[in-house]
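Please read the structure below before turning to the comments.
Predicted model only: the values in this text are computed from it and were never measured.
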Amino acid sequence: MTVEPDWIAVDWGTSHARAWAMSGEAVLAEGAPGPGMGTLSPDGFAPALARMIDGWRITPEIPVVACGMVGAKQGWHDAGYRTVPATPLPDRLARVPADIALHIVPGLSQTAPADVMRGEETQIAGFLALNPDFDGAICLPGSHSKWVQISAGEVVSFRTMMTGELFAALSRETILRHSVGEGWDDAAFAEAVSETLSRPEALAARLFSIRAEGLLAGLSPGAAQARLSGLLIGAELAAAKPYWLGMPVALIGAATLAGRYATALEMQGLQVVRTRGEALTLRGLTAALGSTKGNTA
């Protein structure tokens with residue numbers, strides 16, 4: 001049966017892309033998985049989207065609302081950035097010259113300290129659509145974790161931490177690759193979080209201790225993995241303390257990683273709200289649909 005959407009939602013990141021056929025807020029169908037921005041040249045986006053939504057009945061008038069790295073300089077069309085403080089979504093989206101009615105959500109930027117986000121603003125918009133009175137911190141764990149200060153419906157400030165990318169690099173490209181492996185140890189994770197949260201300046205030395213403990217004390221690969229994760233997340237929490245100390249915190253992300261952040265924050269006596277990133281992306285794209293009216297290429 002042919003899918004006939006009222007509009008199409010697209011989340012296009014660096015490593016993958018997803019598309020949904022929408023009728024209002026309801027999902028009619030999900031498209032085939034697509035390639036990420038990192039593997040495409042600018043002229044490859046249109047064919048990639050066509051493959052993702054193959055079999056859907058669309059016309060040039062049906063809005064396609066996209067977020068993420070599709071709007072980067074290396075993406076389909078540079079959607080630019082809006083400087084904070086700002087609402088997560090603009091009044092008008094970036095309109096792409098194309099055979100379809102493609103609109104891209106612009107990212108957010110911060111001048112001092114310099115920072116940018118692209119894609120997360122849509123998840124934040126989705127969260128605020130469901131929680132319009134929220135004032136506090138939003139954490140979006142990932143390869144590049146974001147800590148975001150929210151007040152009166154605006155993103156006031158944010159910081160990006162390369163925690164996930166550091167974990168991947170240290171566990172695969174350094175001497176710790178001989179120590180870190182499958183498995184998990186809750187106690188090792190909790191202890192490591194406390195260590196670097198209290199003394200982040202000792203992080204470099206404690207990282208090498210993972211290797212030494214494996215050689216001298218038989219630290220298991222799973223405990224080593226938990227310890228590495230805990231050390232890095234603890235250091236991140238130390239740097240982000242101005243965002244979460246004494247504030248409500250909402251976590252947006254994949255269940256396993258968000259669960260680790262929730263554990264680390266709950267150790268500090270905080271109550272944490274956990275949410276699913278994909279659901280909030282769709283909610284944010286739905287909110288962005290209203291910003292397509294009047295857009296022209």
Side-chain angles (χ1 to χ4, degrees), residues 3 5-22 27-83 86-109 115-126 140 142-144 146 155 160 165 277-278 280-297:
V3 178
D6 295 335
W7 65 286
I8 295 170
V10 181
D11 177 16
W12 211 319
T14 301
S15 59
H16 65 277
R18 296 171 295 179
W20 297 269
M22 305 292 294
V27 176
L28 301 178
E30 182 169 353
M37 179 276 290
T39 64
L40 293 171
S41 59
D43 60 359
F45 283 87
L49 180 60
R51 291 190 293 270
M52 291 163 61
I53 63 176
D54 184 43
W56 299 357
R57 182 173 296 167
I58 64 169
T59 67
E61 292 75 34
I62 292 178
V64 179
V65 182
C67 69
M69 296 305 291
V70 66
K73 286 184 178 181
Q74 300 80 17
W76 190 338
H77 177 82
D78 185 358
Y81 295 101
R82 299 164 56 240
T83 304
T87 56
L89 298 177
D91 293 332
R92 297 181 65 176
L93 306 184
R95 181 68 161 88
V96 180
D99 294 334
I100 57 174
L102 177 61
H103 311 262
I104 300 178
V105 179
L108 294 178
S109 67
D115 214 329
V116 294
M117 72 166 70
R118 193 178 290 285
E120 294 90 352
E121 76 293 318
T122 304
Q123 293 182 321
I124 294 168
L140 301 99
S143 295
H144 300 157
K146 305 285 185 185
V155 174
T160 302
E165 194 165 355
E278 179 179 307
L280 294 184
T281 297
L282 275 172
R283 188 81 184 195
L285 287 168
T286 301
L289 177 65
S291 300
T292 65
K293 294 180 175 59
N295 266 16
T296 57

Inset, instruction - Kindly compute the distance separating CD1 (Ile58) from CG (Asp99), expressed to the nearest 0.5 Å. - result: 10.0 Å
Inset, instruction - Quick one: pull up CE in Met117 and OG1 in Thr122 and give me the separation to the nearest 0.5 Å. - result: 10.0 Å
Legend entry - CG-CE distance between Asp11 and Met69, expressed to the nearest 0.5 angstrom: 12.0 Å
Legend entry - Residue pair Thr281 / Gln123, side-chain donor-acceptor N/O under 3.5 Å: yes
Legend entry - side-chain contact (heavy atoms from CB on, under 4.5 Å) between Val70 and Val10, intermediate numbers included: CA-CA 9 Å; Val70 66; Val10 181; 6.0 Å; no
Legend entry - Flag side-chain contact, heavy atom, 4.5 Å: Ile104 against His77: yes
Legend entry - Donor-acceptor contact present, side-chain Thr286 to main-chain Leu282, <3.5 Å: yes
Inset, instruction - Would you mind reporting whether His103 and Val96 have side-chain heavy atoms less than 4.5 Å apart? - result: no
Inset, instruction - Could I get the full list of side-chain contact (heavy atoms from CB on, under 4.5 Å) partners for Arg82, not counting sequence neighbours? - result: Ala86, Thr87, Pro90, Pro106, Leu108
Legend entry - Inter-residue atom distance Glu278.CD - Arg283.CZ, 0.5 Å rounding: 15.0 Å
Legend entry - Heavy-atom pair with the smallest gap, counting every atom of Arg118 and Ala79: NH1-CB, 3.9 Å
Legend entry - Approximate separation, where rounding is to 0.5 Å, of Trp7 CH2 and Leu289 CG: 5.0 Å
Legend entry - Heavy-atom closest pair, residues Trp12 and Leu40: CZ2-CD1, 3.6 Å
Inset, instruction - May I ask you to test the Pro60-Ile100 pair for a side-chain heavy-atom distance under 4.5 Å? - result: no
Inset, instruction - Measure the shortest side-chain to side-chain distance between Trp20 and Ile8 over non-hydrogen atoms and say whether it is less than 4.5 angstrom. - result: no
Inset, instruction - Using atom types as modelled and distance alone, determine if a side-chain donor or acceptor of Glu121 lies under 3.5 Å from a backbone N or O of Gly119. - result: yes
Inset, instruction - Applying side-chain contact (heavy atoms from CB on, under 4.5 Å), name anything that partners Ala125, two or more places apart in sequence or on another chain. - result: Pro88, Leu89
Legend entry - From Leu140 atom CG to Lys146 atom NZ, the distance as rounded to the nearest 0.5 Å: 9.0 Å
Legend entry - Pairwise side-chain contact, Met22 with Val27, heavy-atom cut-off 4.5 Å (strictly under): yes
Inset, instruction - With sequence neighbours excluded, tell me which residues meet side-chain contact (heavy atoms from CB on, under 4.5 Å) with Val3. - result: Pro5, Ala21, Leu28, Ala29, Trp56
Inset, instruction - Look at Asp78 together with Lys73 and state whether they make a salt bridge at an N to O cut-off of under 4.0 Å. - result: no
Inset, instruction - Check whether any side-chain heavy atom of Leu102 sits under 4.5 Å from a side-chain heavy atom of Phe45, and report yes or no. - result: no
